[in-house]
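To start, the structure under review is shown below, and the notes come after it.
Treat the numbers as computed from the prediction; the structure is a model and nothing was measured.
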Amino acid sequence: MKIEHIAIWVRDLEKIKEFYQKYFGATSNEKYHNPVKNFESYFLSFENGSRLEIMTRPDIQEGNNSFDAQKFGIVHLAFSTGSNEKVDTLTETLRNDGYEVVGEPRTSGDGYYESVILDPENNIIEIIN
C-alpha cells in the first residue's frame, strides 16, 4: 500500500499551484473543471511519485486553519529535501519571499532536522532533511 494522493481545499487555486511548483518542484496536470459542480482542481506531482490534489469550489466553507489553534485531522505536509543545508536554504528563500516561518530549523525530538512554514493559505508545511 501507498498513499496515492492527498487533497486540500484552497481559495486561490493558481496561487497555491504556483507556490508548490516554485518551492517544492511540483509539476501540474491541466486544470480539471466540472461546470455542473463549479469544481476545479489540479494534481501536483512530485519527483518521488507522490501527488497533492488542490481543489476549489465557491461553496466550500471557511475553516479556522491556524498554526496556534490546531484541530483534529490532517495537520501538516512534510517535504524532504535530502540534507540539512537544503532545509536551511529553502527556509531562508521562503522567509525572504515573505512566507511565515513558524518553526526555525532545528533537530526535532523524533530526529528530523526540520523547519516549519505556512503556505499562502496557512497550511502547515514541514521542510525536513
>> A quick test of your reading: do over 12 heavy atoms of other residues, nucleotides or ligands sit less than 6.0 Å from CD of E4?
In response: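 Above 12, so yes.
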> Does atom OH of Y112 have more than 12 heavy-atom neighbours from other groups under 6.0 Å away?
Replying inline: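 No, the 6.0 Å shell around OH holds no more than 12 heavy atoms from other groups.
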Non-hydrogen atoms of [X] and [Y] that approach each other most closely:
X	Y	answer
V10	T56	O-OG1, 2.9 Å
E104	V101	OE2-CG1, 3.7 Å
L13	K31	CD2-CE, 4.2 Å
E121	D12	OE2-N, 2.7 Å

[atom1] of [X] to [atom2] of [Y]: how many Å apart, nearest 0.5 Å?
X	Y	atom1	atom2	answer
L77	N123	CG	CG	7.0 Å
I124	L118	CD1	CG	6.5 Å
S41	E30	OG	CD	12.0 Å

>> Tell me every residue that passes side chain to side chain contact (heavy atoms under 4.5 Å, CB included) with S80, counting only those two or more places apart in sequence or in another chain.
In response: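 Here the qualifying residues are I128.
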Side-chain heavy atoms of [X] within contact of [Y], under 4.5 Å:
X	Y	value
E14	E40	no
I3	S50	no
L94	I127	yes
D119	Y99	no

> What about F67 and I8, same hydrophobic cluster or not, with Ile/Leu/Val/Met/Phe/Trp/Tyr joined at side-chain heavy-atom distances under 4.5 Å?
Replying inline: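 Shared cluster, no.
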>> Under 4.5 Å between side-chain heavy atoms, counting indirect links through other Ile/Leu/Val/Met/Phe/Trp/Tyr residues: same cluster for Y20 and I74 or not?
In response: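 As far as the 4.5 Å side-chain criterion goes, I74 and Y20 are connected within one cluster.
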>> Using a strict threshold of under 4.0 Å (side-chain N to carboxylate O), is an ion pair present between R106 and E114?
In response: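 Between R106 and E114 there is a salt bridge, with a charged N closer than 4.0 Å to a carboxylate O.
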> Remaining members of F39's ILVMFWY cluster at a side-chain heavy-atom cut-off under 4.5 Å?
Replying inline: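 Other cluster members: W9, Y32, M55, I60.
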> Just one of H5, K17, R51 clears the side chain to side chain contact (heavy atoms under 4.5 Å, CB included) bar with L44, so which one?
Replying inline: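 When H5, K17, R51 are each tested with L44, the side chain to side chain contact (heavy atoms under 4.5 Å, CB included) holds only for K17.
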> Quick one: which of Y23, F24, F79 gives a ring-ring contact (aromatic ring centres under 6.0 Å, His included) with F46?
Replying inline: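 Of the listed options, the one satisfying the test is F79.
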